[in-house]
Undergrad: 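For reference, the structure I am asking about is given below.
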2 protein chains.
Amino acid sequence: MSEDIVTPFRSHPHNHQRCVADAMALAEERCGRRGVRLTPIRRRVLELIWGRHEPVKAYDLLDQLREDHRGAAPPTVYRALDFLLEQGLIHRIESLNAYIGCGDPSHPHLGQFLICDRCNAVAEMDDSDIRDLLARKAATQGFHVNWQTIEINGVCPSCRAVPESVSAGDDSD
Amino acid sequence: MSEDIVTPFRSHPHNHQRCVADAMALAEERCGRRGVRLTPIRRRVLELIWGRHEPVKAYDLLDQLREDHRGAAPPTVYRALDFLLEQGLIHRIESLNAYIGCGDPSHPHLGQFLICDRCNAVAEMDDSDIRDLLARKAATQGFHVNWQTIEINGVCPSCRAVPESVSAGDDSD
DNA sequence: CCAGTCATGTTATTCTGTTGCAAATCAGTG
DNA sequence: CACTGATTTGCAACAGAATAACATGACTGG
């Protein structure tokens, strides 16, 4: 099976509490096995990221973090983010300067993202056909691939079902 | 032919002056046809970008621009960049916060970039196999694609030919 | 207890990009 | 030419993203 939707659009009906809890449990387990520490701050940041099922900005995290953690500063958040990225627990979306929970930390993989321009929902794919095709094309140029950034912008299924002018992404926050 | 290297690695031997001049001529022509103005500032920024055959940062452009244009400020550069992006004359490399000349503005295309982590060289591809595969995979999720960001990091042919520890990218900054 | 490592606190700075408004420039029209 | 409206530029301030540098604290293992 080459196609593998690791994280579907959040509009996809699901038990969100359960999904966050699962992610946290996986993170605990993974860090334990690796002998690295999922400290309170790191855990909190991961929770905050999973809490929204969409890309989250570092300074938004900082604001939220400050609510129960006075004295949190940019380095507080960025250090936690670096840790979580290293452990493969989150991904960074380059085109948005934002971070999102990794749908399947069980094996290391490159993020392949579908990003809805209307409602900001993001789905993560882990498709070997894509990975392999890019590797093959790069090899044609004599290029050795270390990392692939794939971010596809467009309109997600839910938003397509809604007339443009009244789209779900018409957020007034 | 699905594969199309729009811009090869700059290590590729070529007449750089000629290649910049061609790019500028194409830009003039294109803007003329479209009825938009390639003003002196915009032209200068495009030249500066083409002058180096690698990704250029906005504030580096600003520094260079200031040399013969006192009073240039961040908006000066960003407005020019926005214009050039809109006209499809340059691309933005998301993972680097940098800009690079578009190898073939003659038809609108998505950038597909090979980025060397050692020497910062970038090659641009315009491969329909990749474009189509991504569109097909996205469609499987009911997703309508507007834009694709594809940035492949790794090691370019020239750097692969050099022992790792003495690589061209072994910058000591 | 002590030393070493890892994690956090703190302050400041750099880099990247935007907002808002005023002044200048340009294209078209009477 | 003078008037008008749309672009373009100048300018000042700011917001947002990320890092540097160094001090302090916390958890190991002897």
Side-chain angles (χ1 to χ4, degrees), chain A residues 27-28 31-32 34-46 48-49 54-87 89-100 120 149 151 173, chain B residues 27-28 31-46 48-49 55-87 89-100 120 149 151 171-173:
Chain A
E28 295 282 3
C31 289
R34 288 194 174 186
V36 296
R37 296 192 298 187
L38 189 60
T39 63
I41 292 182
R42 292 167 175 173
R43 183 180 296 108
R44 186 80 185 102
V45 169
L46 184 56
L48 288 171
I49 292 176
E54 61 181 8
V56 192
K57 305 230 144 197
Y59 274 64
D60 289 349
L61 287 171
L62 180 53
D63 288 341
Q64 294 184 259
L65 194 56
R66 276 207 246 251
E67 288 174 11
D68 47 41
H69 191 91
R70 275 224 2 268
T76 315
V77 166
Y78 282 105
R79 286 196 279 234
L81 290 172
D82 286 346
F83 173 86
L84 297 170
L85 286 167
E86 265 165 35
Q87 303 308 320
L89 297 170
I90 61 173
H91 289 290
R92 177 180 153 80
I93 312 247
E94 298 292 344
S95 59
L96 299 176
N97 293 338
Y99 305 82
I100 192 165
N120 299 321
T149 301
E151 300 177 6
D173 73 340
Chain B
E28 295 282 3
C31 289
R33 224 170 350 92
R34 288 194 176 186
V36 297
R37 296 190 297 185
L38 189 60
T39 63
I41 291 181
R42 292 166 176 174
R43 184 181 295 107
R44 185 80 187 104
V45 169
L46 184 56
L48 289 172
I49 291 176
V56 193
K57 304 230 144 199
Y59 275 65
D60 288 348
L61 288 171
L62 179 54
D63 288 341
Q64 293 184 259
L65 194 56
R66 277 206 245 250
E67 286 173 12
D68 47 40
H69 191 90
R70 273 222 7 264
T76 315
V77 166
Y78 282 105
R79 285 194 281 232
L81 289 172
D82 286 346
F83 173 86
L84 297 170
L85 285 168
E86 264 165 36
Q87 303 308 320
L89 298 171
I90 61 172
H91 290 290
R92 178 180 153 80
I93 312 248
E94 298 292 345
S95 58
L96 299 176
N97 294 337
Y99 306 82
I100 192 166
N120 298 321
T149 301
E151 300 178 7
D171 53 340
S172 43
D173 73 338

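Residue numbers start from 1 in every chain, and the chains themselves are labelled A, B, ... in the order their sequence lines are given, proteins ahead of strands.
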Undergrad: Could you write out each protein N or O paired with an N or O of nucleotides 28-30 of chain D at a distance under 3.5 Å?
TA:
none

Undergrad: Without decimals, in angstroms, what is the distance between B:Arg44 CZ and D:dT9 P?
TA: 15 Å

Undergrad: Start at the 5' end of DNA chain D and walk down; is the nucleotide closest to B:Thr39 or to A:Leu81 reached first?
TA: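 Comparing both residues, the 5'-ward one is B:Thr39.
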
Undergrad: Please list all pairs passing the side-chain hydrogen bond (donor to acceptor under 3.5 Å, both in side chains) test where one or both residues lie in residues 55-67 of chain B, with sequence neighbours left out.
TA: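 The answer is none; no pair qualifies.
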
Undergrad: Output the rounded distance in Å from CD1 (A:Ile93) to C1' (D:dA18).
TA: 18 Å

Undergrad: Is it the case that the side chain of A:Arg42 and the backbone of A:Arg37 share a donor-acceptor pair, with hydrogens and angles ignored and the cut-off at 3.5 Å?
TA: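 Answer holds: yes.
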
Undergrad: Rounded to whole angstroms, how far apart are CG on B:Leu38 and C1' on D:dT8?
TA: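 Atom-to-atom, B:Leu38 to D:dT8, this comes out as 13 Å.
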
Undergrad: Roughly how far, to the nearest 0.5 Å, is CZ of A:Arg44 from OG1 of A:Thr39?
TA: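 Going from the OG1 atom of A:Thr39 to the CZ atom of A:Arg44 covers 13.0 Å.
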
Undergrad: Could you tell me the separation between the CZ atom of B:Phe83 and the P atom of D:dT7, rounded to a whole number of Å?
TA: 13 Å

Undergrad: Nearest 0.5 angstrom please: A:Leu85 CG to A:Ile90 CD1, how far?
TA: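 So the CG of A:Leu85 and the CD1 of A:Ile90 are separated by 4.0 Å.
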
Undergrad: Looking for any heavy atom pair under 4.0 Å, which part of the strands does A:Tyr99 touch: base, sugar-phosphate only, or nothing?
TA: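 Sugar-phosphate, backbone atoms only, no base.
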
Undergrad: How many Å lie between OH on B:Tyr78 and C1' on D:dA12, as a whole number?
TA: 17 Å

Undergrad: Is it the case that the side chain of A:Glu151 and the backbone of B:Thr149 share a donor-acceptor pair, with hydrogens and angles ignored and the cut-off at 3.5 Å?
TA: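 Checked: no pair found.
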
Undergrad: Side chain to side chain contact (heavy atoms under 4.5 Å, CB included) with B:Glu28: which residues, sequence neighbours excluded?
TA: B:Leu38, B:Arg43

Undergrad: Give, ordered by number, those residues of residues 58-71 of chain A having at least one heavy-atom distance below 4.0 Å to an atom of DNA chain C; if nothing qualifies, reply none.
TA: A:His69, A:Gly71

Undergrad: Applying salt bridge (charged side-chain N to carboxylate O under 4.0 Å, His left out), which residue pairs with at least one partner in residues 69-82 of chain A are found, sequence neighbours left out?
TA: none

Undergrad: Look at all strands and tell whether B:Arg79 reaches a base, only sugar-phosphate, or nothing, counting heavy atoms closer than 4.0 Å.
TA: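 If one applies the 4.0 Å heavy-atom cut-off, B:Arg79 turns out to touch a base.
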
Undergrad: If we only count heavy atoms from C-beta on, is the A:Leu61 to A:Leu81 side-chain gap below 4.5 Å?
TA: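 Counting from C-beta outward, A:Leu61 and A:Leu81 do come under 4.5 Å.
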
Undergrad: B:Thr76: what forms a side chain to side chain donor-acceptor pair (under 3.5 Å) with it, not counting sequence neighbours?
TA: none

Undergrad: Under the rule for salt bridge (charged side-chain N to carboxylate O under 4.0 Å, His left out), what residues qualify as partners of A:Glu94, not counting sequence neighbours?
TA: A:Arg92

Undergrad: So, OP1 or OP2 of D:dA17: does either fall under 4.0 Å of a side-chain N or O from A:Arg92?
TA: no

Undergrad: Hey, could you give me the CG/OH distance between A:Leu48 and A:Tyr99, rounded to the nearest 0.5 Å?
TA: 14.5 Å

Undergrad: Please identify the 5'-most and 3'-most nucleotides of DNA chain C with any atom under 4.0 angstrom from a heavy atom of chain A.
TA: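 Using the under 4.0 Å cut-off, the span is C:dC6 to C:dT11.
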
Undergrad: CG of B:Asn97 versus P of D:dG16: gap in Å, rounded?
TA: 16 Å

Undergrad: Can you see if the side chain of A:Lys57 gets near the phosphate of D:dG16 - specifically, an N or O under 4.0 Å from OP1 or OP2?
TA: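 Checking D:dG16 against A:Lys57, no side-chain N or O comes under 4.0 Å of OP1 or OP2.
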
